[in-house]
Amino acid sequence: MSVRIRRVYDAPEPDDGVRVLVDRLWPRGLSKEAARLDEWPKGLTPSTELRRWYHAGEGSYEEFADRYEAELTAPEAAELLDHVRELAGKGEVTLLTASKSPEHSHAAVLARLLQK
């Protein structure tokens, strides 16, 4: 199982495998053709409330990760997480995010959970 994280603004690479956008909002200034997405499971993304809380600087990354993991236990999110896990079981999966620091974003939480 191989899951990696990349910025959606980076040019696609041949070894990306299935390209999954894990942001709720479409990345600014990027065309759908340039993104070359295979999937965009919006229900797998953090809630608007959690995203706003984290970006306001009200809590640590660890607390954000804990709250996001709790959100991922909801039925729709859990089903989508299982789907992406199945994709990763079959080959390469690249989680795409517009975040400027993907290693401290929800994409890193997803990657960790998918690799368990």
Side-chain angles (χ1 to χ4, degrees):
M1 175 181 306
S2 178
V3 177
R4 67 183 190 161
I5 305 167
R6 297 188 64 221
R7 292 199 71 223
V8 69
Y9 297 108
D10 296 339
E13 293 181 357
D15 61 343
D16 280 348
V18 179
R19 293 171 53 86
V20 181
L21 180 63
V22 294
D23 289 349
R24 184 171 300 269
L25 304 174
W26 185 260
R28 289 184 183 171
L30 186 68
S31 71
K32 292 189 182 200
E33 295 78 29
R36 290 193 22 215
L37 297 181
D38 295 303
E39 303 211 9
W40 186 16
K42 294 178 190 175
L44 191 59
T45 63
S47 66
T48 299
E49 296 78 19
L50 180 58
R51 193 170 35 84
R52 287 181 179 160
W53 172 84
Y54 182 53
H55 291 297
E58 296 179 20
S60 68
Y61 174 73
E62 291 75 22
E63 187 176 357
F64 166 78
D66 289 343
R67 289 183 180 195
Y68 180 41
E69 282 189 48
E71 287 187 354
L72 291 171
T73 63
E76 179 188 5
E79 185 177 319
L80 290 169
L81 185 62
D82 286 342
H83 172 69
V84 176
R85 187 175 285 119
E86 286 175 21
L87 293 173
K90 296 175 184 175
E92 302 290 323
V93 170
T94 300
L95 304 178
L96 301 168
T97 181
S99 174
K100 291 182 182 177
S101 56
E103 64 280 355
H104 291 102
S105 73
H106 64 289
V109 175
L110 284 174
R112 181 174 43 79
L113 291 174
L114 289 168
Q115 293 175 348
K116 281 187 177 181

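Considering Glu58, Arg52, Arg51 in turn, Arg51 is the only one that fulfils the side chain to side chain contact (heavy atoms under 4.5 Å, CB included) rule with His55.
The environment of Glu76 atom CD is sparse: at most 12 non-hydrogen atoms of other residues, nucleotides or ligands sit within 6.0 angstrom.
A 4.5 Å side-chain heavy-atom check between Asp16 and Arg36 finds every atom pair outside the cut-off. Using a 4.5 Å heavy-atom cutoff, the side chains of Asp23 and His106 are in contact.
For the residue pair Glu71 and Ser47, the shortest heavy atom distance occurs at OE2-OG, 2.6 Å. Closest approach of Tyr9 to Ala98, counting heavy atoms only: CE1-CB, 3.7 Å.
In the hydrophobic cluster analysis, where Ile, Leu, Val, Met, Phe, Trp and Tyr join through side-chain heavy atoms closer than 4.5 angstrom, Leu50 is grouped together with Leu110. Criterion: ILVMFWY side-chain heavy atoms under 4.5 Å apart, direct or through other members. Under it, Leu96 and Val84 are not part of a common hydrophobic cluster. The hydrophobic clustering, which links ILVMFWY residues whose side-chain heavy atoms are closer than 4.5 Å, places Leu81 and Val20 together.
Relative ring orientation between Tyr68 and Phe64 is described as parallel, the plane-to-plane angle staying below 30° on a 0-90° scale split at 30° and 60°.
Electrostatic pairing of Arg67 and Glu63 counts as a salt bridge here, judged by a charged N lying under 4.0 Å from a carboxylate O.
By the side chain to side chain donor-acceptor pair (under 3.5 Å) test, Asp15 is found to be paired with Arg4, residues two or more places apart in sequence or in another chain being considered.
Evaluation of the ring-ring contact (aromatic ring centres under 6.0 Å, His included) test over residues 32-51, restricted to residues two or more places apart or in two chains, returns Trp26-Trp40.
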